[in-house]
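For reference, the structure discussed in these notes is given below.
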Amino acid sequence: MFPGVPKRVVLASLLGLIPILIGLISTFNISLSESTKEGFIEIALIYSGFILSFVSGCAFYVASLERERQLFLWFSILPVLLALLSIIIPIMQGFVLALGFLVILEIERKLYKLGSLPKWWLNLRFPMTSIVVLLLIFLGFRT
């Protein structure tokens, strides 16, 4: 599933899914109070916004290394703005965050084509983004 990706990176990435999974699991009819369920969901969404901002910062850094990539430098700010927008529109929070992850994946895809990212990068980012987007969409339908 992650060919060529360093094992420590795969492990850290998979462990990073735990808060989102806990948020999603709490949406099922399990014996948790409503406030506890909502707390887990809120943590999962806030955490997703942090991760989106982190990944966006990685793209920002890579784009900043070469003058020819400055357009991507500016585009890499867009997912952070989407993370902030998700706070303003709580009813659409999961969907807006999912959109942000798709935007940053497209930026990374372009940077990869320009040779700015390691050869294994998209082998990690595509499946991880797919998983996160699906989880966020499911969280978006929680009501």
Side-chain angles (χ1 to χ4, degrees), residues 1-65 69-143:
M1 183 171 192
F2 303 103
V5 181
K7 289 180 182 173
R8 67 186 180 281
V9 175
V10 172
L11 179 62
S13 298
L14 291 174
L15 290 174
L17 291 174
I18 292 172
I20 303 170
L21 287 169
I22 290 171
L24 182 62
I25 290 168
S26 74
T27 65
F28 293 100
N29 195 11
I30 55 178
S31 59
L32 293 174
S33 70
E34 278 304 309
S35 63
T36 303
K37 286 180 184 182
E38 284 302 314
F40 282 140
I41 292 167
E42 188 174 343
I43 288 169
L45 291 169
I46 291 169
Y47 173 79
S48 297
F50 286 149
I51 295 302
L52 177 58
S53 297
F54 170 76
V55 174
S56 184
C58 293
F60 182 91
Y61 171 73
V62 168
S64 73
L65 295 176
R69 317 261 191 275
Q70 282 195 353
L71 180 61
F72 296 108
L73 179 87
W74 295 107
F75 280 134
S76 69
I77 297 169
L78 182 60
V80 176
L81 297 176
L82 287 171
L84 291 172
L85 179 64
S86 77
I87 295 168
I88 297 168
I89 310 173
I91 195 155
M92 299 280 295
Q93 199 168 19
F95 303 114
V96 173
L97 289 168
L99 176 62
F101 278 99
L102 292 173
V103 168
I104 198 63
L105 181 63
E106 181 60 18
I107 293 168
E108 289 172 325
R109 198 177 68 76
K110 301 285 188 192
L111 288 169
Y112 180 82
K113 280 185 176 180
L114 293 170
S116 298
L117 295 169
K119 294 204 179 295
W120 54 264
W121 192 263
L122 289 183
N123 291 340
L124 171 74
R125 295 292 300 127
F126 186 78
M128 290 301 294
T129 297
S130 300
I131 293 167
V132 168
V133 166
L134 283 173
L135 294 175
L136 287 170
I137 289 171
F138 289 137
L139 275 173
F141 285 114
R142 72 186 179 276
T143 54

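One-based numbering along the sequence shown.
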- request: Apply side-chain contact (heavy atoms from CB on, under 4.5 Å) to Phe2 and Leu14, showing your working.
  value: CA-CA 11 Å; Phe2 303 103; Leu14 291 174; 4.2 Å; yes
Validation row: [X], [Y] side chains within 4.5 angstrom (heavy atoms):
X      : Y      : answer
Leu45  : Ile41  : yes
Gln93  : Leu139 : no
Leu117 : Glu108 : yes
Trp121 : Val62  : no
Ser13  : Leu124 : yes
Leu82  : Leu97  : no
Trp120 : Val9   : yes

To the nearest 0.5 Å, tell me how far [X] [atom1] sits from [Y] [atom2].
X      : Y      : atom1 : atom2 : value
Phe60  : Trp74  : CZ    : CH2   : 7.0 Å
Ile25  : Thr27  : CD1   : OG1   : 8.5 Å
Phe138 : Ile20  : CZ    : CD1   : 13.5 Å
Ser26  : Glu38  : OG    : CD    : 7.5 Å
Ser86  : Ile91  : OG    : CD1   : 13.5 Å
Leu17  : Met128 : CG    : CE    : 3.5 Å

If you compare all heavy atoms of [X] against all heavy atoms of [Y], which two are closest, and at what distance to 0.1 Å?
X      : Y      : result
Val10  : Val5   : CG2-CG1, 3.5 Å
Ile107 : Ala59  : CG2-CB, 4.3 Å
Phe101 : Ile104 : O-CG2, 3.3 Å
Pro90  : Ile87  : CD-O, 3.8 Å
Leu136 : Ser48  : CD2-OG, 3.5 Å
Ala98  : Ile137 : CB-CG1, 4.3 Å

message: For the aromatic rings, using the six-membered ring if either is Trp, is the centroid distance between Phe141 and Phe95 under 6.0 Å?
response: yes
query: Does the Ser56 side chain pair with the main chain of Ser53, one donor and one acceptor, at a distance under 3.5 Å?
result: no
- prompt: Hey, does the side chain of Arg69 reach the backbone of Ser116 with a donor-acceptor pair shorter than 3.5 angstrom?
  reply: no
[X], [atom1] atom: more than 12 neighbouring heavy atoms under 6.0 Å:
X     : atom1 : result
Phe75 : CZ    : no
Phe40 : CZ    : no
Glu42 : CD    : no

